Amino acid sequence: MTSRWEEVGMLNALVWALACFGVVAADIALSVVLFSVLGAVSALTGYPIDNLDIQWFQAAAQTASFLMALLWWRYLWPRSFMARQQGERPLGGGAGAAWKRIVCVVVIGLSMQVVISYLCDGVLSLLPEVAADYSELVEETGMGDTSYLAVLTTVLGAPFCEELLVRGIIFEFSLRAFNPQCRLLWKRRRRASAQDGAMVPWAAPSTWGIAAAIVLQAAIFGFMHMNWVQGCYAGAAGLIFGWVLVTTGKLRYTILLHFAFNAGSYLMTLLWFVNTPFDVAITVAIAGVILVEAMRSLHYACGMDAASAPLP
């Protein structure tokens, strides 16, 4: 038989896991409302909505989603895990250490793009029907578009919008799902400052709870892409995004990581000399070693900075 505490913990996990998917539902609902408004404007003006480039729809939806996420995150921030972590373990080391972290994050994003792209291509080569369906989806949605607007929404818009939603709001809710012992901070009033929040006595998130939260937000990140191919590689990338967030404690680094990862998709053409399966295997192995080393360096840099920083 389960104890009363286990039942409360299971109920807490269920409620906050549903809240995570509620964030996704809110984002989808916002896009539906926006599309309806554009349809009404089209009907009033007589301008066919089909004449608009799909990239403009995506840019408008992305802008609306970003504004919603920004307001929501500003509300959550004073009581968030990151506010607490930054209060307890601020990253120091000056400009030199900051640049080192930036370089590590960029290298992680680019090498991760190489590894995931080639692995994804290899799997799709074994599943021709899935590859054909995905190619059709890319053509219909304009994902393969290289216009200025498409590049702008992919490289700049997506990192800001998706990181606020996923690594900000959804990850915060994921932590609450698996760490009910931390609720003292999360129940504080909205206007509590980050520094005040850091001083509230609480039980820190458990290692298991943080790991489970990283997995949950990564799974939801994959689900948000609404197709199997993107969902699988976005979910895999989301695990590393979550790790970087926990390691640095700052959302700005995951935004930079997302920027590097998405920009890397346009830079893959630079690897034109990778043609044979042997070339691919060597390239993935090298990129994998670079990825692991960059992650190790980032962990070391953040750990050293935290150890040398003054206590709050």
Side-chain angles (χ1 to χ4, degrees), residues 15-41 55-87 149 152-177 179 182-198 200 205 213-214 216-226 234 238 241-242 244-246 248-259 262:
V15 168
W16 285 110
L18 290 175
C20 291
F21 284 98
V23 177
V24 180
D27 187 52
I28 295 174
L30 185 63
S31 297
V32 171
V33 170
L34 178 63
F35 185 81
S36 300
V37 171
L38 291 176
V41 171
Q55 295 298 337
W56 286 105
F57 283 117
Q58 293 179 351
Q62 199 173 74
T63 301
S65 179
F66 170 75
L67 293 175
M68 178 192 72
L70 180 62
L71 293 174
W72 201 340
W73 178 238
R74 285 178 61 87
Y75 174 84
L76 286 175
W77 162 254
R79 298 174 294 177
S80 69
F81 164 76
M82 280 183 284
R84 170 77 184 196
Q85 182 178 5
Q86 289 182 26
L149 183 59
L152 186 65
T153 56
T154 300
V155 177
L156 288 180
F160 280 96
C161 177
E162 293 178 0
E163 290 309 305
L164 279 173
L165 274 175
V166 182
R167 254 62 65 179
I169 301 167
I170 291 177
F171 181 68
E172 177 67 20
F173 288 174
S174 298
L175 281 168
R176 298 184 183 192
N179 295 278
C182 302
R183 66 182 61 185
L184 283 177
L185 176 63
W186 295 328
K187 285 189 172 182
R188 284 179 62 81
R189 58 190 176 87
R190 179 172 64 90
R191 295 183 180 275
S193 68
Q195 185 64 28
D196 290 340
V200 176
I214 290 176
L216 178 58
Q217 61 83 32
I220 295 175
F221 185 50
F223 171 79
M224 288 175 63
H225 287 76
M226 298 298 178
F241 287 178
V244 169
L245 177 65
V246 172
T248 63
K250 291 182 180 294
L251 202 60
R252 70 188 68 168
Y253 286 110
T254 64
I255 293 174
L256 177 62
L257 174 62
H258 203 145
F259 165 80
N262 285 9

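Computed from heavy atoms alone, side chains included, the values below leave out hydrogens, waters and symmetry copies. Being a predicted model, the structure only gives us computed values, none of them experimental. Sequence positions, counted from 1, serve as the residue numbers for this chain.
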For Gln62 and Thr153, indicate whether the former's side chain and the latter's backbone hold a donor-acceptor pair under 3.5 Å.
yes
Interatomic spacing from CD1 in Ile214 to CG in Leu245 - rounded to 0.5 Å:
8.0 Å
Minimal non-hydrogen separation, Asn262 against Ala158, with atom names
ND2-CB, 3.8 Å
Answer yes or no: are there more than 12 heavy-atom neighbours, outside Phe66 itself, under 6.0 Å from its atom CZ?
yes
With the side chain counted from C-beta on, respond yes when Met82 and Trp73 share a heavy-atom pair under 4.5 Å apart, and no when they do not.
yes
From Trp77 CH2 over to Ser80 OG, what is the distance, rounded to the nearest 0.5 angstrom?
5.0 Å
Considering residues at least two apart in sequence or located in another chain, which fulfil the side chain to side chain donor-acceptor pair (under 3.5 Å) criterion with Thr254?
Glu163
Which residues share a ring-ring contact (aromatic ring centres under 6.0 Å, His included) with Trp16, sequence neighbours left out:
Phe173
Checking side chain to side chain contact (heavy atoms under 4.5 Å, CB included) for the pair Asn179/Phe81: CA distance, chi angles, key distance, verdict?
CA-CA 11 Å; Asn179 295 278; Phe81 164 76; over 6 Å; no
Taking the six-membered ring for Trp, are Phe57 and Phe35 parallel (under 30°), tilted (30 to 60°) or perpendicular (over 60°)?
tilted
Heavy atoms only: give me the nearest Ala17-Ala177 pair and the separation to one decimal.
N-CB, 4.2 Å
Does the plane of the ring in Phe221 sit parallel, tilted or perpendicular to the ring in Phe241? Use 30° and 60° as the thresholds.
tilted
What are the two closest heavy atoms between Arg176 and Leu76, and how far apart are they?
NH2-CD2, 3.8 Å
List the residues meeting side-chain contact (heavy atoms from CB on, under 4.5 Å) with Val15, not counting sequence neighbours, and say none if there are none.
Leu11
Taking the side chain as every heavy atom from C-beta outward, state whether Phe259 and Leu156 have any pair of such atoms under 4.5 Å apart.
yes
I'd like to check the side-chain contact (heavy atoms from CB on, under 4.5 Å) partners of Ser65; sequence neighbours left out, ordered by chain and number.
Asp27, Cys161, Leu165
With Val37 via side-chain contact (heavy atoms from CB on, under 4.5 Å) - residues at least two apart
Val33, Val41
Taken in chain and number order and not counting sequence neighbours, the residues that satisfy side-chain contact (heavy atoms from CB on, under 4.5 Å) with Ala219 are none
Might you point out which heavy atoms bring Cys182 and Pro205 nearest each other, and give the distance in Å?
SG-N, 3.6 Å
Can you name the closest pair of heavy atoms from Cys20 and Ile170 and give their distance?
SG-O, 3.5 Å
What residues, two or more places apart in sequence or in another chain, satisfy side chain to side chain donor-acceptor pair (under 3.5 Å) together with Gln217?
Arg167
Could you grab the distance from atom CG of Leu67 to atom OG1 of Thr63, nearest 0.5 Å is fine?
7.0 Å
Between Leu251 and Leu164, does a side chain to side chain contact (heavy atoms under 4.5 Å, CB included) hold up when you go through it step by step?
CA-CA 8 Å; Leu251 202 60; Leu164 279 173; 3.7 Å; yes
Mind checking what makes salt bridge (Lys or Arg N to Asp or Glu O under 4.0 Å) contact with Glu162, not counting sequence neighbours?
none
Please step through side chain to side chain contact (heavy atoms under 4.5 Å, CB included) for the pair Met226 and Ile28, ending with a clear verdict.
CA-CA 11 Å; Met226 298 298 178; Ile28 295 174; 3.6 Å; yes
